[in-house]
Amino acid sequence: MDFAFTREQTMFKKEVLRFARKEIVPRCREHDLKETFDFESFRALGEFGLLGLHLPEAYGGGGADVITTVLAGEALGEAGVDGGLTLSYGAHAFLCADTIYVHGTAAQREKYLPKLISGEWIGAMALSEPDAGSDVASLSTTAERKGETYVLNGTKMWITNGPIADVVVVYAKTAPELRHAGISAFIVEQGTPGFSAGPPLVKLGVRSSQTSELVFRNCEIPADNLLGAEGQGFLMALQTVEWDRCALLAPIVGGAEYALQKSARYAKGRVQFGRPIAEFQAIKHKLADLRMFVETARTLVYRIAWCKDQGRPLNHLEAAVAKLFVGDWSLKPLHDAMVLHGGYGFIHEFDVERIFRDSRLAPIGGGTSEIQKKIISKLMSSQAGTIR
Amino acid sequence: MNYEFDAEAKRFFDALSQMVHDFSLEREPERALGPALEANLRDLLERLARTPYLALGLDGGAAGAALRAMRAGEVFATHTPSLFLAVETGTRRVAKLLEAFGTEGQRSAWLPRLLEGKRVGAVALSEGAMNMENDEFETEGRREKGRIVVHGIKHFVVNGPVADLFAVAGRLDGRAAVFLLERDTPGLVAGERVETLGCDGMTCSMLELNGCVVEPDGVIGPMERQRLLDTLLRWEDLALVAASLGLMHAALETARTFANLHMTGGKPLVAYQEVAFKLAEMLAGYQAAQLLAYRAAWTVDVSPRQAGVLVSCAKVFCGETAEQVASSALQVLSGDGYVSGNPAERAYRAARYIQIAGRSSELSRMKIAGDVLGRRR
């Protein structure tokens, strides 16, 4: 066992921290407050090389390993980048661009990846529906083959980057009777007749990311926009889980580290009863609990990244454990970080309330905590041997 | 980065697990009473001496020793947490103390016998005040005519009723020292075994030192007090963390097996989400604790100066999670769990010890916060 990052990985994380603090963070509060997407920062992420960090250099990517990619996500959170922007980045880079890279044809890669990697285009992934979230087999959006086209009909819900996306990877049923096996994935471009996005939804957290409904009404797309083969959509969606359980969780862990640093700084400067509140044991215990969460969560998230770097198939039990832990175990320490700030914790400019709100997506998005428990318990009861 | 143990290490853990498992089936050490308590410890020490276990971490800081000891401790404690703690916080901690701070004479006099499993050791650290971080040792050695005379009372000495060699922490010349005292030293009185909430197969007692005479070569130190405390408590904390992993593993396995086999309403208990989800939460807590513990131990191996805060994180998180996991296991087992003697019930009681012994959860949190506040500006 070896938990060390390479020197290059550590150096790169520091570079991302410096970049994000200087180029991104100064605008985060305003965009979160106004619930507006920060196009300038998004393009800056592209220029810095983060949007395609894990993708091949041939398409303009960085060709980085998974651990380096995850470190970059953690650094964004640790720098103080809001969860809205990191979520938009995650949906764009891992749920959209990566899916096109892994399953796309050479022509699809050539057409979409350079623009997605540079940030010229924004990507999204559309899986969830008003009546089908974790229960993917219940998707009702259909894609009917008509000659050299597919005709999409249905409504997607909770789509990150939905209102601003130039290109969307859409999951729809080509063979509804086959349930999971009848799901296929398609690339749909903005401006395609019959495709429209609803207005941005007002959310508790990750407010600078734009989330909406997507509507497909007799939306006709070229048959060439099918990703992979018909019926492979469910497996493609499952593959995104690998990134979801490391690269998309990492900014939340980094955000918790940011909250820890903010809390420590505040506790040292805030004087009550004639001494800094950092000297009170109850405050110290809150700081300790947040530190414990950060260290533990970090270890779980990098296990998923390491396994992916090794080329191993995703261990669904370990992935679900990471997701469940980050989602559920972050609640109290991040709540305490907010309370530690007293009245200041309740107002926007101290960031901790934003981190608390942003982190509340963790037990919901990408599979709720209940779904994670369902996965874990199912795998536990099917294991014949002992738990390692 | 590498999240896997190598094949040789895995073979060692498997062999150790099998050996301790067999011993536990044969002797049921967690149910032992009276003389069987001492006999179990001595017999197991002799068997362990035939494996690399007792010498683990005692080879001049071999690479990966702390991490290997953590995993080995986990598999050991899964079968018998009491004897694991007796071996680890008693015998092996004395051996480590001798290797780290002892003279050549002290090492040659005691280390072979400890590592051959022929002698039982005990570390006597705690005193009545129970807060070694803030209070000076009351136990003190005074130089008299070229010898040292030790007076004091120690509490909660693991292996106290059975040990052959006591490593007693105290003051000497205004600094900290460890007095090495054999059981038959005049003036040394080991008390009766105290009844405890958990760790039924382990013995623990008070220790009185009424003018015990120690030759100068029977003293380790004197040295800086905090250095001695930090070293002894780190070793103890690492052992307690390993024990907590073993407790969790045993409790979780017991609950999982029961939930799969026990039928209610025509289906296995695990088919009910309230049970299945509880098992999932337990596993998540266990795996999180396990990785944190491994990382803390790994940091001890590669960067000991920076390991303190991670060891404290692991101590608190693993100890408290062990209680939660054991509590959930009891709930899954329902009436069966409430009957004394099952691994979940034992783990529930023993988990309280983990949180109190070594650096308590409260003191560990203060250490962690101290690091957070000191490091971050």
Side-chain angles (χ1 to χ4, degrees), chain A residues 1-6 9 67 260-261 263-265 267-268 276 278-279 281 283-300 302-303 305-307 309-310 317-318 320-325 328-329 369-370 372-381 383 386-388, chain B residues 1-6 9 64 67-68 71 78 249 252-253 256 259-260 268 270-271 273 275-292 294-299 302-303 309-310 312-314 316-317 362 364-377:
Chain A
M1 267 193 166
D2 178 356
F3 295 92
F5 297 108
T6 65
Q9 287 167 340
I67 289 171
L260 178 61
Q261 293 174 17
S263 300
R265 198 176 305 127
K268 285 198 279 192
E279 292 181 13
Q281 290 186 345
I283 300 297
K284 287 186 174 179
H285 281 202
K286 289 184 197 300
L287 294 172
D289 287 345
L290 185 50
R291 175 74 182 273
M292 277 190 283
F293 165 74
V294 169
E295 298 296 353
T296 311
R298 195 173 267 158
T299 315
L300 288 164
Y302 284 101
R303 174 165 68 173
W306 176 76
C307 284
D309 265 337
Q310 301 306 302
L317 190 144
E318 292 175 355
V321 164
K323 176 71 166 57
L324 177 63
F325 187 86
D328 283 12
W329 268 259
S369 290
E370 285 66 34
Q372 307 315 313
K373 290 176 194 174
K374 194 164 180 276
I375 293 167
I376 295 167
S377 55
K378 188 177 173 190
L379 290 170
M380 280 175 80
S381 56
Q383 282 178 344
T386 55
I387 298 156
R388 80 180 168 101
Chain B
M1 196 170 264
N2 184 351
Y3 271 74
E4 294 258 318
F5 287 102
D6 62 37
L67 176 58
R68 194 176 268 233
R71 175 63 182 161
T78 298
H249 194 163
L252 179 55
E253 275 297 305
R256 185 174 74 120
N260 279 329
V270 75
Q273 277 196 341
V275 172
F277 282 19
K278 211 181 281 297
L279 290 171
E281 289 165 7
M282 291 158 68
L283 181 73
Y286 169 52
Q287 286 207 346
Q290 198 180 35
L291 285 186
L292 181 62
Y294 292 167
R295 190 167 140 232
W298 172 83
T299 310
V302 300
S303 185
V309 66
L310 272 178
S312 292
C313 283
V316 178
F317 185 81
E362 290 72 19
S364 295
R365 278 193 167 87
M366 298 297 279
K367 288 274 175 196
I368 298 165
D371 184 80
V372 170
L373 291 164
R375 185 162 62 83
R376 294 174 170 80
R377 285 189 280 276

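Note on naming: letters A, B, ... go to the chains in the order of the sequence lines (proteins, then strands), and numbering restarts at 1 for each one.
- Annotation: maximal heavy-atom pairing with chain A below 4.5 Å, among B:Phe317, B:Tyr294, B:Phe277, occurs at B:Phe277.
- The backbone N or O of B:Leu291 lies less than 3.5 Å from no partner atom in the side chain of A:Arg303, so there is not a single donor-acceptor pair.
- Side-chain contact between A:His285 and B:Glu362 is present, with heavy atoms from C-beta onward closer than 4.5 Å.
- Interatomic distance, CG of B:Leu67 versus CZ of A:Phe3, reported as 6.5 Å (0.5 Å rounding).
- In this structure, the side chains of B:Val270 and A:Met380 stay at 4.5 Å or more apart for every pair of heavy atoms.
- The NZ atom of B:Lys367 sits 10.0 Å away from the NZ atom of A:Lys284 when rounded to the nearest 0.5 Å.
- The two residues B:Ala288 and A:Leu300 have their closest heavy-atom pair at CB-CD1, 3.8 Å.
- For chain B, no part of A:Gln9 is nearby; none of its heavy atoms comes within less than 4.5 Å.
- Chosen from A:Asp2, A:Ile283, A:Thr296, A:Ile376, the residue pairing most often with chain B at heavy-atom distances under 4.5 Å is A:Asp2.
- In this structure the side chain of A:Leu317 reaches within 4.5 angstrom of the side chain of B:Gln287, judged on heavy atoms.
- Only the side chain of A:Leu324 comes within contact range of chain B, with at least one heavy atom under 4.5 Å from a heavy atom of that chain.
- Residue contact with chain A, scored on non-hydrogen atoms closer than 4.5 Å, is absent for B:Val302.
- The most heavy-atom pairs under 4.5 Å with chain B, out of A:Leu287, A:Thr6, A:Asp289, A:Ile67, come from A:Asp289.
- For A:Ile375, no part lies under 4.5 angstrom from a heavy atom of chain B.
- For the pair A:Gln281 and B:Met366, the minimum side-chain heavy-atom distance is below 4.5 Å.
- Between B:Glu4 and A:Gln310, every side-chain heavy-atom pair lies at or beyond the 4.5 Å cut-off.
- Note on A:Phe293, A:Phe325, A:Phe5, A:Tyr302: by heavy-atom pairs under 4.5 Å with chain B, the leading option is A:Tyr302.
- Take B:Arg68 and apply the salt bridge (charged side-chain N to carboxylate O under 4.0 Å, His left out) test, not counting sequence neighbours, and it matches B:Glu8.
- Between B:Tyr3 and A:Thr299, some side-chain heavy-atom pair lies under the 4.5 Å cut-off.
- The shortest distance between side-chain heavy atoms of B:Glu281 and A:Asp328 does not fall below 4.5 Å.
- For the atom pair CH2 (A:Trp306) and CE (B:Met1), the distance works out to 10.0 Å, reported to the nearest 0.5 Å.
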query: When you look at A:Leu290 and B:Val372, which way does the side-chain contact (heavy atoms from CB on, under 4.5 Å) test go after all the steps?
result: CA-CA 10 Å; A:Leu290 185 50; B:Val372 170; over 6 Å; no
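- Both the backbone and the side chain of A:Lys374 come within less than 4.5 Å of a heavy atom of chain B.
- Distance CD/A:Glu295 to CZ/B:Arg295: 4.5 Å, rounded to 0.5 Å.
- Residues A:Met292 and B:Leu292 form no side-chain contact, since every pair of their non-hydrogen atoms from C-beta on lies 4.5 Å or further apart.
- In terms of heavy-atom proximity, B:Ala276 sits nearest to A:Ser377 at O-CB, 3.2 Å.
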